Amino acid sequence: MPPQKHPAVHSIPCHALTRLAREWLAEDSPNLDPAGVCVGSQEVEARLLCKTPNSILAGSPFFTAVFAEVGCTVDWIHQEGADIGPGAVTLTAVVRGPARCLLLGERPALNCLARASGIATRCSRLRATAEAAGWQGEVAGTRKTTPGFRVVEKYAMLVGGASTHRHDLSGMVMLKDNHVWASGSITEAVKASRSVCGFSSKIEVECRSADEAREAAAAGADIIMLDNFQPQELHVAARALKQQFPAVLIEASGGVDPENLSSFLSPHVDVVSLGCITQGCPVVDFSLKVQKPAAR
């Protein structure tokens, strides 16, 4: 019986899986594959091993899609989103197919799985820190993603229990310092953006001081990002904003990492976003080992 699917799996469009798998394969093997000659097309079996204990498995739909493109099948032992466990080496899946085809898919599939599982593992630990503190807000990622790999990385955030934040520039209006400087003021920037985005998009403003935050909220911003505030300064500003503008959402960002996350959490902060979810995030070590044919 195949492992139960993680709910986030259903968010991936089928055409996106196919497109990405084909792009990764084309990048890795755009011409001839001379090494394919020595292995041929006999049917083989390979074992997927996880060598990073206590990791969260993420990226299995992309891994499977890569191998489907080269005519191989994957049988998963652990389900998407599972904690693979404390073992030094854990059998995670079995891949079967023609030898040369299996080896064509090996590196693109492993790259994706290692990166996605690393992000999901970090998100899971961040979420556990927030829950241990009794905080009810959302831990979120950012747009600081690897070019061409955003779908995978945003998906991995979901598997790890974090919020993706906006997926792209059209997902939500975020007015940063450069927008404000170019338009003249926070008030003018919010007014101009609202005239285009209408009722269907929220507007967030990056603020570097309590005064900027009050101006943004008064101008009609839906979300106030308190950027690079020290924790104590953040809590004072967030409390004052919530008292004056109860409907506004408060996001803390800048300088937050796994070690200091808990110091940024408070009842007045709704979202904490961390660029380290994707930037500098450790990968999970996977390897794929072809099994030797049984002696006759």
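What you see is a predicted model; the values in this text were computed from it and never measured.
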Under 3.5 Å: donor-acceptor pair, side chain of [X], backbone of [Y]:
X: Arg122; Y: Val283; result: no
X: Trp135; Y: Pro267; result: no
X: Arg150; Y: Arg143; result: yes
X: Ser195; Y: Ala192; result: yes
X: Gln291; Y: Lys289; result: yes
X: Glu69; Y: Arg22; result: no
X: Ser29; Y: Leu25; result: yes
X: Ser183; Y: Val180; result: yes
X: Asn260; Y: Asp257; result: yes
X: Ser266; Y: His268; result: yes

Distance alone, cut at 3.5 Å: any donor-acceptor contact between the side chains of [X] and [Y]?
X: Thr187; Y: Glu215; value: yes
X: Ser273; Y: Thr142; value: no
X: Thr73; Y: Arg96; value: no

Could you check whether [X] pairs with [Y] (Lys NZ or Arg NE/NH1/NH2 to Asp/Glu carboxylate O, under 4.0 Å)?
X: Lys154; Y: Asp168; result: no
X: Arg47; Y: Asp75; result: no
X: Glu153; Y: Arg115; result: yes

Sub-4.5 Å side-chain heavy-atom contact between Pro61 and Leu17: yes
Should Cys123 and Ile277 be marked as a side chain to side chain contact (heavy atoms under 4.5 Å, CB included) after you check the CA-CA gap, both sets of side-chain angles, and the distance that decides it? CA-CA 7 Å; Cys123 288; Ile277 283 178; 3.6 Å; yes
Is the ring pair Trp24/Phe149 parallel, tilted or perpendicular, if the boundaries are 30 and 60 degrees?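 Because their plane-to-plane angle lies in the 30° to 60° range, the rings of Trp24 and Phe149 count as tilted.
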Under the criterion side chain to side chain contact (heavy atoms under 4.5 Å, CB included), I'd like the reasoning laid out for Glu251 against Ile224: C-alpha separation, chi angles, the key distance, then a yes or no. CA-CA 6 Å; Glu251 175 181 344; Ile224 304 299; over 6 Å; no
Pick out which of Val94, Leu102, Leu113, Thr92 makes a side chain to side chain contact (heavy atoms under 4.5 Å, CB included) with Leu288.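 So, applying the side chain to side chain contact (heavy atoms under 4.5 Å, CB included) to Leu288 and each of Val94, Leu102, Leu113, Thr92, only Leu102 qualifies.
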With side chain to side chain contact (heavy atoms under 4.5 Å, CB included) as the criterion, how do Asp177 and Glu206 come out once you've worked through the C-alpha distance, each side chain's angles and the decisive distance to 0.1 Å? CA-CA 7 Å; Asp177 51 5; Glu206 177 187 272; 3.7 Å; yes
Does atom CZ of Arg127 have more than 12 heavy-atom neighbours from other groups under 6.0 Å away? yes
Check this for me: Glu27, atom CD, are more than 12 non-hydrogen atoms of other residues, nucleotides or ligands nearer than 6.0 Å? no
Close aromatic pair by centroid cut-off 6.0 Å: Phe264 and Phe229: no
Should Val139 and Met172 be regarded as members of a common hydrophobic cluster, given that ILVMFWY residues are connected when their side-chain heavy atoms come within less than 4.5 Å of each other, either directly or indirectly? no
Check whether Met174 and Ile203 end up in the same hydrophobic cluster, where Ile, Leu, Val, Met, Phe, Trp and Tyr are linked by side-chain heavy atoms less than 4.5 Å apart.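 Per the 4.5 Å side-chain linkage, Met174 and Ile203 are not co-clustered.
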Do any side-chain atoms of residues 230-239 form donor-acceptor pairs under 3.5 angstrom with protein atoms, and if so which ones, sequence neighbours left out?
residue: Glu233; atom: OE1; partner: Gln230; partner atom: N; Å: 3.3
residue: His235; atom: NE2; partner: Pro231; partner atom: O; Å: 3.4
residue: His235; atom: NE2; partner: Ser263; partner atom: O; Å: 2.9

Separation of Asp222 CG from Lys202 NZ (nearest 0.5 Å):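 One finds 6.5 Å between NZ of Lys202 and CG of Asp222.
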Work out which heavy atom in Met157 is nearest to a heavy atom in Gly141; give both atom names and the distance.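 For Met157 versus Gly141, the nearest heavy atoms are SD-CA, 3.8 Å.
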I'd like a table of donor-acceptor pairs (distance under 3.5 Å, sequence neighbours excluded) in which one partner is a side-chain atom from residues 48-57, with atom names and distances.
residue: Thr52; atom: OG1; partner: Asp285; partner atom: N; Å: 2.8
residue: Ser55; atom: OG; partner: Thr52; partner atom: O; Å: 2.7

